[in-house]
Protein chains: 2
Amino acid sequence: MTTSEPGDAKRPTRRSSNPTVHDVALEAGVSPMTVSRVLSGGKNVRLEVQERVARAVETLGYHRNENARSLRPGHRSGLVGVTITNIANPYYAEMLRGVEEIASAHGRRILVGNSNEDADLEKQLVADFIGRRVEGLIVVPSSAGDAAHLQLERLGGVPVVLASRAVGGVSADTVLIDDVEGARTATAALLAEGHRRVAYLGQRSVFTGRRRLEGFTVAHEALELTPDEELIRVGQQDVGSAERAMTELLDLADPPTAVFSANNRNTVGAIRAIVARRRATAGTGAGGGGDDIRVAGFDSFDFADIAPVRLSIVDHDAGDLGRRAAAMLFDRLDGGAQPVEPRVLELPVTLRDLF
Amino acid sequence: MTTSEPGDAKRPTRRSSNPTVHDVALEAGVSPMTVSRVLSGGKNVRLEVQERVARAVETLGYHRNENARSLRPGHRSGLVGVTITNIANPYYAEMLRGVEEIASAHGRRILVGNSNEDADLEKQLVADFIGRRVEGLIVVPSSAGDAAHLQLERLGGVPVVLASRAVGGVSADTVLIDDVEGARTATAALLAEGHRRVAYLGQRSVFTGRRRLEGFTVAHEALELTPDEELIRVGQQDVGSAERAMTELLDLADPPTAVFSANNRNTVGAIRAIVARRRATAGTGAGGGGDDIRVAGFDSFDFADIAPVRLSIVDHDAGDLGRRAAAMLFDRLDGGAQPVEPRVLELPVTLRDLF
DNA sequence: CTGTTAGCGCGTTCAG
DNA sequence: CTGAACGCGCTAACAG
């Protein structure tokens with residue numbers, strides 16, 4: 001044993017490291033336990049002693065070690081894990097803010113990870129979060145790969161809320177937006193105006209994309225129409241590829257007269273293509289394609305209301321999505337007795353004409 | 001050797017709680033220490049035993065408790081705290097993604113808090129983060145209130161990197177973008193085109209706002225001009241108020257012929273006002289204000305390149321800001337011997353004409 | 001190659 | 001009103 005200091009103190013007064021209750025106790029001339037008591041409200045401690053301790057805390061710049069604290073039985077970590085497929089996406093950023101707002105109100109902090117649509121990465125994140133003893137998880141599930149790691153049993157009983165997307169085979173609390181209805185309404189509006197060649201710009205591999213394509217199809221079927229496969233373009237992830245896809249559509253022998261776009265990246269790309277075409281054919285009197293194309297799209301964006309096309313937007317509040325998901329989680333965490341079976345919430349959307 | 005248990009187990013086999021090394025050890029028929037060894041690479045453990053342990057881990061759904069782990073001396077928490085004035089702002093969202101990317105590459109997770117431009121909230125967040133033993137902090141300092149809590153001494157030696165904004169009186173690593181130069185260049189471009197009544201839309205209370213206004217002023221002074229105070233509008237936080245401010249400017253007896261806007265909210269608002277005015281005076285031949293106003297603004301946005309005005313944009317990469325800030329932090333954390341004095345990095349911007 | 005001991009910072013339990 | 005002891009989960013350091 002033998003660090004064997006001459007004046008051997010049990011604790012060799014470490015300057016560099018963080019001060020502990022012990023250090024504060026020394027400084028205040030009391031026992032660690034008294035410090036602990038003061039820190040948790042000061043019940044049963046003389047006022048004078050409380051002040052002495054408070055002063056010591058101040059002098060030493062003491063911060064109670066939450067990690068050590070959460071080690072005690074019964075104590076919770078105060079942490080919630082959030083994994084998002086792309087933090088930089090303004091939509092999810094707003095969702096994240098909603099989550100943070102509610103978590104904060106419930107005295108929790110959020111650990112945030114970016115899964116980049118990669119199920120393996122997501123799995124690692126979740127495992128790490130559980131290792132840090134998060135009390136719950138909010139997950140925007142990645143579209144690619146297996147999702148077995150989200151099974152409740154695999155999570156060691158940590159409750160999870162799926163946001164924005166559901167996952168096949170995983171039964172958990174889920175908050176979605178009404179993708180099908182939004183897409184259906186928007187498409188129906190285009191068809192009602194008489195358009196019969198309506199293009200679809202979006203995804204098919206992502207959950208929301210599938211649902212929005214379904215709404216697009218359903219709207220057609222309600223009028224006993226069948227969407228032309230040639231007009232369905234999927235897989236564009238960014239504005240650039242969306243613009244190219246739209247340009248291709250405009251170049252068709254029988255181009256669309258309207259387009260429904262399943263997300264704002266595609267909407268912006270489509271409008272760019274339309275504007276570019278309009279400029280190109282400006283003086284020619286050709287009128288070839290770009291003019292008076294009607295657009296409807298999911299999700300708003302900065303300039304939606306002064307876009308130079310006739311535009312309708314399927315609106316919904318990402319912040320609300322985050323708040324609802326968080327509320328659902330804390331309902332399980334803090335609420336009393338909960339129903340065991342998972343709940344699915346589908347948030348409504350509204351169609352807004354911007355012309 | 002004493003499993004020593006007729007009746008009394010030291011550990012009463014808790015089903016509900018998370019399994020521990022102890023539980024895994026029991027399941028695998030080894031000691032906790034062996035489990036620990038396997039978990040940290042399996043050095044000096046027979047392969048057969050490793051497999052047995054691995055199986056036990058799998059069966060029990062064991063996750064190593066990182067909080068307990070980080071309690072051991074020398075061990076670090078693997079956490080970095082990030083406070084942002086507004087997570088939902090796409091600009092900061094992208095910055096956050098940059099931070100996450102680098103943190104992830106360095107094996108750290110990020111704790112994220114929203115300060116909402118409130119110094120008190122920011123202080124609480126920072127205190128809480130330190131309580132959780134974050135290894136470092138990345139802070140977008142709030143504009144309102146005192147910032148004493150960001151002093152290195154108050155932080156108990158936890159390194160902090162200030163991002164996007166500096167703070168008076170706080171000397172810490174800082175990553176800024178070149179606000180002054182960006183604003184100067186953009187304004188100079190307008191003046192070079194002959195404009196003599198150039199408006200300013202932005203802030204004065206926020207650090208970046210002050211710097212951008214400075215650039216605006218400097219550009220004028222370089223030509224021995226003085227900006228007209230009447231054309232300087234500050235305090236608009238959102239698109240709506242920016243639009244109103246711009247409308248007021250257009251209503252002046254001697255309206256501006258160009259406008260420099262210090263952020264994208266203001267730019268979008270300005271363009272809206274201009275477009276609205278243009279529409280209102282369309283048939284009248286009055287030409288009153290809205291037409292051919294020239295715009296230059298800080299920060300890009302969705303539709304910048306098809307905006308219906310002559311527009312220039314001061315561009316910079318928020319993701320890069322985040323990556324640089326994080327890199328600076330990890331330079332101190334993981335890099336060997338570091339310079340003690342704080343470093344300030346000013347990222348360049350570029351002016352881009354979109355017409 | 002494997003197990004035992006001890007203690008990281010904190011707070012509950014029980015004595016004084 | 002205050003303090004001592006114990007253990008939360010984990011892993012260096014030291015036996016064996």
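Below, chain A is the first sequence line, B the second, and so on; all start at residue 1. Fair warning: this is a prediction, and the values are worked out from it, not measured in the lab.
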Once you round it to whole Å, what is the distance between [atom2] of [N] and [atom1] of [X]?
| X | N | atom1 | atom2 | result |
| --- | --- | --- | --- | --- |
| A:Arg52 | D:dT2 | CZ | C1' | 12 Å |
| B:Asn44 | D:dC14 | CG | C1' | 14 Å |
| A:Arg76 | C:dC10 | CZ | C1' | 17 Å |
| A:Glu51 | D:dC1 | CD | C1' | 16 Å |
| B:Lys43 | C:dT2 | NZ | C1' | 15 Å |
| A:Leu39 | C:dG9 | CG | P | 15 Å |
| A:Arg37 | D:dA4 | CZ | P | 11 Å |
| A:Arg132 | D:dG9 | CZ | P | 18 Å |

Could you tell me whether the side chain of [Y] reaches within less than 4.5 Å of the side chain of [X], counting heavy atoms only?
| X | Y | value |
| --- | --- | --- |
| A:Val49 | A:Thr34 | yes |
| B:Val24 | B:Val53 | yes |
| B:Leu137 | B:Leu155 | yes |

Under a 4.0 Å N-O cut-off, is there an ion pair linking A:Asp331 with A:Arg343?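 Salt bridge flag = yes for A:Arg343 with A:Asp331.
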Kindly point out which of [options] is positioned nearest to the side chain of [X]?
| X | options | answer |
| --- | --- | --- |
| B:His75 | D:dG9, D:dT2, D:dA12 | D:dA12 |
| B:Thr34 | C:dT2, C:dG9, D:dA13 | C:dT2 |
| B:Ser31 | C:dG3, D:dG3, D:dC8 | C:dG3 |
| B:Met33 | D:dC10, C:dG11, D:dT11 | D:dT11 |
| B:Leu71 | C:dC10, D:dC8, C:dG9 | C:dG9 |
| B:Arg72 | C:dG11, D:dT2, D:dG9 | D:dG9 |

By the definition side chain to side chain contact (heavy atoms under 4.5 Å, CB included), identify the one residue from B:Val80, B:Asp334, B:Leu333 that meets it with B:His106.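 One option only clears the test, and that one is B:Asp334.
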Distance below 4.0 Å between B:Thr20 side-chain N/O and D:dG9 OP1 or OP2: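 B:Thr20 to D:dG9 OP1/OP2: no side-chain N or O under 4.0 Å.
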Taking 4.0 Å as the cut-off, does a side-chain nitrogen or oxygen of B:Arg46 come that near to OP1 or OP2 on C:dT2?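 So the side-chain polar atoms of B:Arg46 do come within 4.0 Å of the phosphate oxygens OP1 or OP2 of C:dT2, strictly under.
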Which of residues 57-69 of chain B sit near DNA chain D, with a heavy atom under 4.0 Å from it?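 Per residue number, the list reads B:Tyr62, B:Arg64, B:Asn65, B:Ala68, B:Arg69.
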Measure across B:Glu100 and A:Val112 and return the closest heavy-atom pair with its distance rounded to 0.1 Å.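 Closest approach of B:Glu100 to A:Val112, heavy atoms only: CG-O, 4.2 Å.
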Do B:Arg133 side-chain and C:dG9 base share a donor-acceptor contact under 3.5 Å?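 No, the side chain and the base share no sub-3.5 Å donor-acceptor pair.
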Option passing salt bridge (charged side-chain N to carboxylate O under 4.0 Å, His left out) with B:Asp128 (candidates A:Arg108, A:Arg69, A:Arg64, A:Arg109):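 Result: among A:Arg108, A:Arg69, A:Arg64, A:Arg109, A:Arg109 is the only option passing the salt bridge (charged side-chain N to carboxylate O under 4.0 Å, His left out) with B:Asp128.
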Tell me whether A:Glu117 contacts the main-chain N or O of A:Ser142 through its side chain, where contact means a donor paired with an acceptor under 3.5 Å.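 No; judged by distance alone, with no hydrogens or angles, the pair does not exist.
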Using heavy-atom distances to pick each residue's nearest nucleotide on DNA chain C, tell me which of A:Ser36 and B:Val45 is more 5'.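 Looking at the nearest nucleotide for each, B:Val45 comes out on the 5' side.
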